[in-house]
2 protein chains.
Amino acid sequence: MPKNKQFNKEIVLEAAAGIFRQKGYNGTSIDDILTATGLSRSSLYDSFQDKHNLYLKSLEFYKDSNDKKIQTVDEKNLNGLEKLETMFKSVVNHLVEHPDDNGCLLVNAAAEMSKQCFKTSQVVCNNKDEVQDILSSWISDAEQKKVLKLHKPAKIYGQFLYNTLCGLRVMSQSGAGKTELNNVVKVALDSLN
Amino acid sequence: MPKNKQFNKEIVLEAAAGIFRQKGYNGTSIDDILTATGLSRSSLYDSFQDKHNLYLKSLEFYKDSNDKKIQTVDEKNLNGLEKLETMFKSVVNHLVEHPDDNGCLLVNAAAEMSKQCFKTSQVVCNNKDEVQDILSSWISDAEQKKVLKLHKPAKIYGQFLYNTLCGLRVMSQSGAGKTELNNVVKVALDSLN
DNA sequence: AATGTATCGGAACGCTTATTCCAAAAGACT
DNA sequence: AGTCTTTTGGAATAAGCGTTCCGATACATT
């Protein structure tokens, strides 16, 4: 049978997501992608159709690996509030320790592409709804375990905390430092009581 | 003496800001700018140097008109909390009533350009600090007038509410509707007590 | 009306872009 | 070892990009 593929699709998608995150969709050239992924021109078009398709595939890959990170927190033996704290701490840590690492591809995609590409907007919107649901479930859990006493339905706090999360990504790209981001998280989590 | 300019610089900058907001910096071509502004190619390069300079000028223009909107609220005869409520209501209203109107140029600039262009990052960062200061001053005012009783310094709440504001813009571009955005604002403002 | 200077429209330039194509290379099978 | 199918590198293509340039235009001045 034929020669095997000489690259790993997931590694390529991760590298592609990285370069799209740095330079945006329109700011990234095919040559940028080739050097970032190590792929040859032919392999790229053979395996990923074209630039736009590769963008969508790497956006979905990025979303999936984001989901997995959240699931890792979810599987820990913690109550909902502790899960929230863990998650926010790791998000802020990542933002602070990788200031050059250019923000969240999903946020960047929402800003640059969501109104021009329906499929991008679908991924971005699905991510929003899914993350909100997980956050809401953590909040419900904290309420059930009497760690929190809510004044509003858990779903609303899920929406609020997702908003906080989006804000953190933008603020980090707007030059906010560690203290600033930690302050935001502190007020947001305190507001649950 | 010479013939007069046949265009108004502010109107041009507003139109340019509009097209950059829709398509981003790299997604906007010179031809896009010419049709959006009505300018001729020569006039554009005569008056604004090049595309990148026009982008920065229109970003600054956008920031200034944003500042003016906030100042309009600031000049009203309201206490700080009422000013906050007025401002958030008008932001959400604008997002909901102009869903096609593609988000905030400053947020989009932070996502697309801030790490690649120092001047862009300066404008974005200055805007962050200035808006945070105004929000903080409103919060202090509300505290002084005993409308609010804070548990943390006003500055921290300013940072938090600016974060909320950024989040709203991203969430709106991620497909969030009126109820969702209003819920976020409600929780954020309730958290001041 | 004539003059002089700045604006303007559009052709032209050179570079970069995304994409295609083809011959050469390379492994899995018989 | 030979065959067959797929991958791969790189040249080629055509369209689009930002920018420059120049002749024609148009107005404020004399």
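To find a chain, count down the sequence lines: A is the first, B the second, and so on, and within it residues start at 1.
Taking all atoms of both residues into account, the shortest heavy-atom contact from V124(A) to A110(A) is CG1-CB, 3.9 Å.
Partners of K152(B) according to the side-chain hydrogen bond (donor to acceptor under 3.5 Å, both in side chains) rule, which considers only residues two or more places apart in sequence or in another chain, are D190(A).
Between the CG atom of D46(A) and the C1' atom of dG10(D) there is a distance of 15 Å, given to the nearest Å. In this entry the distance linking CG of L34(B) with P of dG16(D) reads 16 Å, nearest Å. Atom pair L39(A):CG and dG10(D):P shows a separation of 14 Å (rounding to whole Å applied). The CG-P distance, from N53(B) to dG18(D), rounds to 15 Å in whole Å.
Under 4.0 Å is where a charged nitrogen must lie from a carboxylate oxygen, and between D64(B) and K68(B) no such pair does.
Side-chain contact, Q22(A) with D32(A): no donor N or O sits under 3.5 Å from an acceptor N or O.
Pairs passing the salt bridge (charged side-chain N to carboxylate O under 4.0 Å, His left out) check and including a residue from residues 76-88 of chain B, sequence neighbours excluded, read D74(B)-K83(B).
Taking side-chain N and O atoms only, S40(A) has no distance below 4.0 Å to OP1 or OP2 of dT8(D).
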What string of B, S and - do you get for nucleotides 11-21 of chain C 5' to 3' if you count protein non-hydrogen atoms under 4.0 Å? B-----SSBBB
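Other members of a hydrophobic cluster containing I11(A) are absent, since no ILVMFWY side chain comes under 4.5 Å of it, directly or through relayed contacts. The hydrophobic side chain of F118(B) is isolated, with no ILVMFWY side chain under 4.5 Å apart from it.
The bend of the helix from dA1(C)-dT30(D) to dT30(C)-dA1(D), defined by the angle between the axes of its first five and last five pairs, stands at 10° to the nearest 10°.
Below 30°, between 30° and 60°, or above 60°: for F7(A) and F48(A) the angle between ring planes is between 30° and 60°, a tilted geometry.
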